[in-house]
Amino acid sequence: MERIPILKMGRVLLVTIQVDMHDRLAMTLQDDLTERIVQDRAHGVLIDISSLEIVDSFMGRMIANIAGMARVLDAETVVVGMRPAVAITLVELGMTLSGVKTALNMDTAMAMLMASFADKEHFNGGSQG
Amino acid sequence: MAEQESKVAQLLKKHEQDVLQKWLSYQMSSMTWRADLMKESDLREQSREFLQLFIEVSQQSGPGADAAAWKSAKEMLAEVSRSRAMQGFSPSETAMFVFSLKQPLFDTLRRELNDVEELSREVWSTTTLLDKLGLYTVEAYQQSRESVIARQQQELLELSTPVVQLWDHIVALPLIGTLDSARTQVVMERLLEKVVQTGASIAIIDITGVPTVDTLVAQHLLKTVAAARLMGADCIISGIRPQIAQTIVHLGVNLADVITKATLADAFAVALQRTGARVTRVGVKE
Amino acid sequence: MVVLKDESAPIRSSIDVMRVRQIVREWAVSLGFSLVDQTKVVTAASELARNTMVYGGGGELRMEALNSDTRRGLRLTFSDQGPGIADMEQAMKDGFSTGAGLGLGLGGAKRLANEFAIDSRPGQGTTVTILRWNKL
Ligand SMILES: Nc1ncnc2c1ncn2[C@@H]1O[C@H](COP(=O)(O)OP(=O)(O)OP(=O)(O)O)[C@@H](O)[C@H]1O
Ligand SMILES: [Mg+2]
């Protein structure tokens with residue numbers, strides 16, 4: 001079966017979504033990601049959508065779901081690189097993805113995750129396993 | 001169609017050079033001739049070409065006029081109108097190109113036709129034809145003016161909304177003048193594009209120079225803030241004047257989730273702080 | 001107003017919905033739509049195509065490229081022979097969904113288009129038409 005690859009970089013999982021994907025593929029990704037978060041004990045998920053030309057309510061909902069489930073599993077999600085035209089349209093559609101963190105590019109997304117890992121470590125008294 | 005060639009066409013063919021000469025001198029001596037805008041040789045060329053097309057058009061009298069000839073005549077007039085509109089001719093100056101042909105034409109008809117009835121019939125049909133073509137010229141002129149205006153408006157819009165980079169990761173859009181829904185939309189798209197280009201994490205929208213804000217514009221502003229957030233950038237709106245604050249509250253627009261600052265300077269200070277920069281005075285003694 | 005060309009596409013699977021997005025994009029590009037306008041009309045099409053598939057049990061998209069004196073437009077008609085919509089007012093409301101959705105599809109498509117029309121008969125099917133003009 002067709003699948004979107006999930007890369008692991010330390011404690012971070014990275015997914016790059018190509019130009020478009022159909023709904024079943026999106027559902028599979030959602031399932032795969034939640035499984036991998038547990039399996040790889042990931043603390044962060046980066047979803048790169050910079051090549052995505054549209055986000056409709058289905059894909060928006062999928063992104064929100066991933067972020068929500070990741071949060072429950074103690075991982076933080078950052079959506080990276082949404083294009084201006086896509087963002088304008090998504091707002092018009094009525095979606096703001098208010099619970100989801102966003103970043104302009106990979107560098108800032110990585111920095112955001114690192115900063116929040118550091119906070120967490122601090123909170124856990126540095127005894128992070 | 002084995003229709004007989006019209007009288008006007010026959011006469012025009014015979015006296016083509018003579019009519020052209022008279023028409024040219026008539027055009028150039030008239031009040032509406034703009035020697036400042038156009039070369040005489042260009043006028044001569046245009047007139048010669050149009051006269052030939054006009055002969056073809058009037059070849060067949062009556063409503064069965066040749067479609068192909070009509071088409072080329074119209075195309076030529078559209079081109080003449082377009083270039084004159086660009087050169088700065090007025091609509092009536094442009095239309096005179098066609099109407100001024102009447103005088104030399106009628107002179108010829110009067111000289112050559114002896115039968116009063118025939119004369120008046122030919123004058124009438126020629127007048128109708130030239131009027132049609134003249135009106136067409138005005139229409140074509142109008143259309144090209146409109147496209148010139150539309151283009152200028154677009155250029156003006158782009159000039160009037162410069163997005164500037166203030167610092168690393170900080171861009172600002174100082175808005176000046178009345179915002180309508182269309183302008184706001186264009187401006188906002190440009191702001192978001194600039195955010196991507198510069199990788200700015202903060203965008204300041206300064207509305208100090210905006211006299212009033214209506215519901216639609218306020219909503220566009222909020223949508224822009226939401227879109228920027230989806231892309232990973234924060235917006236600060238600065239320069240909201242008291243009246244505008246009142247309108248916004250009255251309109252029931254919710255600015256709760258938006259960072260607002262009184263002045264562009266305040267907004268810039270917040271932006272610097274957020275991006276990790278610090279402002280210190282150098283050489284000031286305690 | 002003149003119809004420059006028209007074409008139909010089936011909507012049966014989520015792959016078809018994706019194809020609808022692709023072909024609507026191609027048409028919008030060929031009509032000279034700006035990037036934002038392309039994105040808006042493609043997104044609206046995606047919402048309506050998915051509704052046709054999920055709630056209408058499959059159906060068809062008809063695309064028409066229109067030409068008026070001053071502008072060009074894209075008219076999209078989604079039709080199915082599904083169960084129809086009993087309470088239209090409710091269905092159009094943002095946030096209302098009988099499925100697992102967010103209930104943004106219909107309202108969103110209306111906001112993303114210049115013109116929107118919906119016709120539905122319980123037991124007979126649903127037809128949604130949107131029209132988007134390109135800016136000069
Ligand atoms: N073609 C259709 N046939 C039958 N019912 C429909 C059709 N399209 C929409 N509906 C009904 O209207 C409701 C609202 O549709 P809408 O697209 O706004 O939201 P949704 O599809 O439920 O969620 P979303 O589009 O946000 O994922 C649907 O839940 C469904 O009950
Ligand atoms: Mg829907």
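So you know, we letter chains A, B, ... as the sequences are listed, proteins then strands, and number each from 1.
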4.5 Å side-chain heavy-atom contact, B/Ser238 and B/Ile207: no
Option in B/Leu230, B/Val195, B/Leu191, B/Thr224 with maximal non-hydrogen atom pairs under 4.5 Å from chain A: B/Leu230
B/Arg84-B/Gln46 side chain donor-acceptor pair, cut-off 3.5 Å: yes
Non-neighbouring partners of A/Ser50 that pass side-chain hydrogen bond (donor to acceptor under 3.5 Å, both in side chains), sequence neighbours left out: A/Asp48
Option in B/Glu189, B/Lys223, B/Met188, B/Met231 with maximal non-hydrogen atom pairs under 4.5 Å from chain A: B/Met231
Part of B/Ala228 lying under 4.5 Å from any heavy atom of chain A: neither
Aromatic ring pairing A/His43/A/Phe117, orientation class (parallel under 30°, perpendicular over 60°, tilted between): perpendicular
Contact class of A/Val55 relative to chain B, heavy atoms under 4.5 angstrom: neither
Pairing residues for B/Arg274 by the side-chain hydrogen bond (donor to acceptor under 3.5 Å, both in side chains) criterion, not counting sequence neighbours: B/Asp234
Contact class of A/Met112 relative to chain B, heavy atoms under 4.5 angstrom: neither
